[in-house]
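A short worksheet on the structure shown next.
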Amino acid sequence: MLILGIETSCDETSIAVVSDGRDILSNVTASSLHLHKRYGGVVPEIACRHHTELINIVLRKALQKAKVSLRDIDAVSVTEGPGLVGALLIGISMAKALSYSLKVPLIGVNHLHAHLYSAMMNAGPPELPAAGLVVSGGHTCLVYIERVDKIELLGQTRDDACGEAFDKVAKIMKLGFPGGPIIEKKAHAGDPGRIKFPRTSLEKDTLDFSFSGIKTAVLYYVRDLEKEGSRIPAADICAGFQEAMVEMLLGKTEPACRKKGVKTLLVGGGVSANALLRSRLKLMGESLGMEVFFPPKGMSMDNAAMVAGLGYHFYKNGKFSGYRLTAEPNLNFFKKF
Ligand code: KG4
Ligand code: ZN
């Protein structure tokens, strides 16, 4: 069963061909990231222009690389949200056109759900039910995955997303964009114990997160040093910040896993590329007797293989979308499931 996946929710134009939900025949991505760097964040207009300019080329390359033609495709799966409304509409329009002309089903999928599914594409099929942690640039949430297509929200961030906090802290320190990989690299040379940034402690019984406090703490710390004319210890700040972020993520992920009594944790989204987060979650898994799954290399960031892979399960369960499918910029796990 060949599914063509299309992902255009943010700054990546990505198209993939995946067989039976797991075997990635192609996964071609053209990113407009380099065009956004000078603005310190993704500019929707620029992202949309880039999608329209490149989406046909990306489609051709994805088919060529997979050595298939459009006639071989059994269904088209596309990200319907959350994301930038204009950007989503470009992928959805292409998906509708392909589905209609090829007379194959159209399947709209949730971007956050696809991020979690990318962790299922790594090793052998993970044991379900599982807990899931999505850590991306726009979202941070904990979920309970009963089946591949049945998900319940357990907790989410009340303010900044985890990746957003990395991006904002990098901006405060004028390190560049996106902040996550830059902070991770700088942190290697720093001492994580030298600067202890405050951890936000929400109510004990909630599985929600909050990351705006730590971002403000870094802002004041850097401002005070600048006022004094002192040197900014960038590596130590990055190491201390990263340490605090990972601790706060674990602080809610561990109780979520215990509460649900699951044997598996799936982690997805851009921040799941972070090596410290990976190693700490692995350790947590070992101590709880759980297996922890991450996306395969290069698949933590936005990509269409995860969209095609997840689409296969919807296809098998006959969950198709009609041509009324439209962009859902604020789609979350509540609405879809
Ligand atoms: O999932 P993603 O590609 O896009 C969204 O759906 O939002 O995630 C992008 C986010 C950015 O905020 C970026 O700074 C963060 O993922 N990120 C990282 C790392 N690589 C990317 N954060 C921490 N450590 C990393 N190595
Ligand atoms: Zn994403």
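Atoms within each ligand, like the ligands themselves, are counted from 1 in listed order.
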Checklist entry - Does the ring pair (Phe, Tyr, Trp, His ring centres under 6.0 Å) test come out yes or no for Tyr312 and Phe314, once each step is laid out? => result CA-CA 5 Å; Tyr312 167 73; Phe314 282 75; over 10 Å; no
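Near Glu184, meaning under 4.0 Å from one of its heavy atoms, ligand 1 places the atoms 24 (N), 25 (C), 26 (N).
The residue among Asp302, Val271, Asp167, Leu33 with a heavy atom at the shortest distance from atom 12 (O) of ligand 1 is Asp167.
The structure places CD1 of Ile24 at 4.0 Å from CE of Met299, a figure rounded to the nearest 0.5 Å.
Using a cut-off of 2.8 Å, one finds that His139 contributes no N/O/S atom close to the Zn ion (ligand 2).
Of the charged side-chain nitrogens involved, at least one lies within less than 4.0 Å of a carboxylate oxygen, so that Glu247 and Arg199 count as a salt-bridged pair.
Seen from the Zn ion (ligand 2), atom NE2 on His115 and atom OD1 on Asp302 lie at an angle near 90° (rounded to 10 degrees).
No side-chain donor from either of Asp11 and His51 sits under 3.5 Å from a side-chain acceptor of the other.
Not a single heavy atom of Gln242 sits less than 4.0 Å from an atom of ligand 1. For Cys10, the closest heavy-atom approach to ligand 1 does not fall below 4.0 Å.
Counting heavy atoms from C-beta on, the side chains of Tyr315 and Pro105 come closer than 4.5 Å.
Remark: ligand 1 and Gly270 share an N or O pair separated by less than 3.5 Å (distance only, no angle test). Of the polar atoms of Gly269, none of the N or O atoms is found under 3.5 Å from an N or O of ligand 1, judged by distance alone.
More than 12 heavy atoms of other residues, nucleotides or ligands sit less than 6.0 Å from atom CD of Glu228.
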